[in-house]
Every structure is written in C-alpha cells, then in structure tokens.
Amino acid sequence: MRDRLINDLLDWYDANARVMPWRVSPADRKAGVKPDPYRVWMSEIMLQQTTVAAVRDYFNRFTARWPTVADLAAADDADVMAEWAGLGYYARARNLLKCARFVVDECGGAFPDTHAGLLKLPGVGPYTAGAVSSIAYNLPEVVVDGNVERVMSRLYDEHTPLPAAKPVLTEYARALTPIDRPGDYAQAVMDLGATICTPRNPACGICPWRDPCAARAAGTAPELPKKTPKKPKPERLGFAYVARREDGAWLLETRPDKGLLGGMLGWPGSDWSDAPKTNPPLDTDWQTLNATARHTFTHFHLTLTVLIARVPKDAAPSAGSFVPAADFSPSSLPTVMRKVYDLAADPLRHIDPDQS
DNA sequence: AAGACGTGGCT
DNA sequence: TAGCCAAGTCT
C-alpha cells in the first residue's frame, strides 16, 4: 500500500515535475547531478509563505549577484536588504545574511549536511531543515509545508482544524517519506499540492492519488484542510514625510532591525496607530497630498497621510539622512514605502539633481 | 504559545 | 471587493 502510493506519486512527478531555476530535474538527478545546497537553501528561504511566481526573479538576481555563500557573506547589509525589497517578511533577509556569515565563519564555508545541523541556522526551522536535507542531501527527512498539510488532510480525510492538526499530519507525512528518492518525493508532494490538490477546485480527476484518497471518496476534499478562523485586521493611521533637497537628494531613514520592515529603507514618519502623533523630521512648510497611501500588512490595514516638502541645501533633519538622487531607486523600498514614493514623486519631480 | 511578520494574485 | 492563500520562523 505504502510503496504503491509512493511509486504512483514519483511516476507522476517524473512526467510532470515543474521546472524551476533552483531545481534539479528528476532525469538529471537520476543521472547523478547534485543540487547546490546554497541554491536550495536560498530558494527555500525565499519560498517561505511566498509564491513561486514571486520568487523566481528574486532568486535569479540574488544568485547572479552573489553566486556562492562566501559572496553573500561578504555583501553589505544595505545591498542585500535593497535586493530583497518587495519580497516581504524582511526578517528572512536579515537572517539570510546572518546565516551566510555563520556558514562561512563557523562551518568552514559549507552548509551543514544534517537535519540537526541545519536547524541551528538562523531563519531555518523544521520545514526548511527538512527541505534542504531531502532536496540537497537526499536524506529521508519529513517535509511539511502548507501543500503537504493540505494533501495529507485530504488523503486521510482529517477534519481536525489547523494548526491543531499539524502533529497528526506530520506523522502521516513521515510515514510516507521514502528512503529512496526522498528529495524527488518531497518536491513531488509539493508539486501535487500546487497543481492538482489545490486549495480550491482540486483536480481530483487527474490526481495520481485519486483512488486511495479518503476525502475524494467522502466528497470532502474541497473543504479540507479545516482552519481555525482568523481575527479581523484593525485599521491604523500614520504620517509619512517625503522631503527633497534642492540638489535632488531624498530624505530617507533605515528602520531599526527589530519589528515591522526591520532593516529596510523608508520615509521618516509617525507611529502607526489609532491616533498617530505628527513629528516632521524637518521644520519646513509641509504640503499634505490629497491622496493617501493604503496598504494591508499581515495583521492590520494602514492609511498613510503623505506630506511633501522641497528643502534648501543646508536643511538639517532630526531623523534620517539625505540620499543623493543617483544613489536612490524606489525599487529598494518595501512596498508600502514605494506606494508613498509613487504619490510624492510626481509633485516633486521638477527638482533637477544637476543644478545643485 | 499565540501573535508578529509582507506582498501580490486570485475569486 | 474583501478575504483567502502561498515551499514558515521567531519570540
């Protein structure tokens, strides 16, 4: 029974594996090609809570700019954060650098090749340690992500809501993890979850596991996995100040490492709350824009009032510092800050960086 | 151990 | 459109 399940899935994977920049195809793997642990690790960090479509370009840019873990370890923090801008969950980028430096400084420049060793790395939890173990080193470690949870909950018609069901689903997944081809198997379950056993409208008719699937038999597949309901997001307000100096420089600040958007570049501003306090970084004549910047984070909605000003060469800000126009790109901003830029840039566009 | 932590795409 | 969802980790 177990072997039949595994073989049916691997056969399906051999014929239907998705092609990705970080992946070794089942055919190449069979021919002896070994994945680069650095690239596997990088892809798994980027893929945490993030879609393949969103990751692809970031992965290509990161690995082109920093081809090895030693290259990444030697990078400037600000360059890495700027390159990560827009991908979200910025603690991942801070941990990415920490991890690269740890591997270079404490592991002789090679990624640990055991599950326990990987688990010690910053930003690497049970999922990523399992994924790197199996995909990069072909170790039979269990890999449980959102796809696997969904697939297992349906295969065994498990109705206990997540996250309470996580331990049971992990045991189901562990029992199916093969000694042979664990890396291909892990990627096969995730591909199945991403393309066939999807959250809505699962394509049960073409699923390699349609016969053994308990939820398919019970007709409950579309409603699984059950999840405990989420809390509503509160509304918060804030102010953002965009100052441009007469030589074209922008007033920006690097946010503290801890907390929301930690380590990222942004516009000086107020706290984000029910009743934010105005605290302009410069004493000047601020102009309030008509439009506001709306953004939704994981746990709250935000409406930002944007204020702009053109300031003289000798302006002395109480927060942030002026960045020359030539050194600034809006693509280095997290998305909420880029929305502010998009609103402010037009009215401020007439400043000529060359006239100084 | 429950909440913090981003973003874009899809329905 | 408002909400759900995506290869989770940290505290």
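In what follows, every heavy atom counts, from backbone to side chain, and hydrogens, waters and symmetry copies are set aside. By convention in this document, chain letters (A, B, ...) are assigned in the order of the sequence lines, proteins followed by strands, and residues within each chain are numbered from 1. As the structure is a computational prediction, the values presented were derived from the model and not from experiment.
When the side-chain nitrogen and oxygen atoms of A:K227 are compared with OP1 and OP2 of C:dG3, none of them lie within a distance under 4.0 Å. At B:dT7, none of the side-chain N or O atoms of A:T51 fall inside 4.0 Å of OP1 or OP2 (strictly under the cut-off). Contact check, A:H299 against B:dC5: a side-chain N or O comes under 4.0 Å of OP1 or OP2. Side-chain N/O atoms of A:K230 include none lying less than 4.0 angstrom from OP1 or OP2 on C:dC4. Close to B:dG6, at under 4.0 Å from its OP1 or OP2, lies no side-chain N or O of A:H295. OP1 or OP2 of B:dT7 has at least one side-chain nitrogen or oxygen of A:T335 nearer than 4.0 Å. Here A:Q49 reaches the OP1 or OP2 of C:dG8: one of its side-chain N or O atoms lies under 4.0 Å away.
Of the P atoms belonging to B:dG6 and C:dT11, the separation is 14 Å, rounded to the nearest Å.
In this structure, of B:dC5, B:dT7, C:dT9, it is B:dT7 that holds the atom nearest to the side chain of A:V336. Among C:dG8, B:dT7, B:dA4, the nucleotide with an atom closest to any side-chain atom of A:Y127 is C:dG8. Checking C:dC5, C:dG8, B:dG6 against every side-chain atom of A:T128, the shortest atom distance belongs to C:dG8. With B:dG6, C:dG8, C:dT9 as the choices, the nucleotide that has an atom nearest any side-chain atom of A:P126 turns out to be C:dT9.
The aromatic rings of A:F300 and A:F297 sit tilted, their planes meeting at an angle between 30° and 60°.
Here the two rings, on A:F328 and A:F322, have centers that are 6.0 Å apart or farther. Between A:W84 and A:Y58, the ring centre distance reaches or exceeds 6.0 Å.
The nearest pair of heavy atoms linking A:A194 to A:R150 is N-NH2, 4.3 Å.
Across the protein-nucleic acid pair, A:L302 atom CG and B:dG6 atom C1' stand 13 Å apart, rounded to whole Å. Here the C1' atom of nucleotide B:dA4 and the CG atom of A:L261 are 12 Å apart, to the nearest Å. Between A:D257 atom CG and B:dC5 atom P the separation is 14 Å, expressed in whole Å. We find that CE of A:M337 is positioned 11 Å from P of B:dG6, with the value rounded to whole Å. Spacing between atom CZ of A:F297 and atom P of C:dC5 amounts to 22 Å, rounded to whole angstrom units. Protein atom CZ of A:R150 is 12 Å distant from nucleotide atom C1' of C:dC4, rounded to whole Å. Protein atom CG of A:D145 is 15 Å distant from nucleotide atom P of C:dC5, rounded to whole Å. In this structure, the CG atom of A:L260 is 15 Å from the C1' atom of C:dC10, given to the nearest Å.
The residue A:M20 sits close to a base: some heavy atom pair falls under 4.0 Å. Residue A:V124 is in sugar-phosphate contact alone, with no base atom involved, counting any heavy-atom pair closer than 4.0 Å across all strands shown. A:K258 comes within contact range of no nucleotide atom at all, as no heavy-atom separation falls under 4.0 Å. Note on A:T296: a base of the nucleic acid sits closer than 4.0 angstrom, heavy atoms only. Residue A:G262 is out of contact with every strand shown, counting any heavy-atom pair closer than 4.0 Å.
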Could you please spell out the steps behind the side chain to side chain donor-acceptor pair (under 3.5 Å) verdict for A:S133 and A:H115? CA-CA 6 Å; A:S133 295; A:H115 186 272; 5.1 Å; no
Are A:F59 and A:F62 close enough, and set up right, to give a ring pair (Phe, Tyr, Trp, His ring centres under 6.0 Å), and what steps lead you there? CA-CA 5 Å; A:F59 177 85; A:F62 266 74; 8.9 Å; no
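Residue-environment remark: CZ (A:R4) stays at or below the threshold of 12 foreign heavy atoms within 6.0 Å.
Between A:L119 and A:V52, the residue anchored nearer the 5' end of DNA chain C, judged by the nucleotide with its closest heavy atom, is A:V52. Sequence order on DNA chain C of the closest nucleotides to A:Q48 and A:K233 puts A:K233 first from the 5' end.
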Could you list the protein-to-nucleotides 9-11 of chain B atom pairs, N/O on both sides, closer than 3.5 Å?
none

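Ion pairing between A:D36 and A:R39 fails under the 4.0 Å rule for side-chain N and carboxylate O.
Between the side chains of A:K233 and A:H299, no donor-acceptor pair is found at a separation under 3.5 Å. Side chains of A:D157 and A:T220: a donor-acceptor N/O pair is present below 3.5 angstrom, by distance only. A:R92 and A:Q48 are not linked by any side-chain donor-acceptor pair at a separation below 3.5 angstrom, with hydrogens and angles left out of the test. Of the N and O atoms on the side chains of A:S273 and A:R236, not one donor lies less than 3.5 Å from an acceptor on the other residue.
A donor and an acceptor atom never sit less than 3.5 Å apart when one is taken from the side chain of A:T50 and the other from the base of B:dG8.
Listed in residue order, the members of residues 79-104 of chain A having a heavy atom less than 4.0 Å from DNA chain B are A:G86, A:L87, A:G88, A:Y89, A:Y90.
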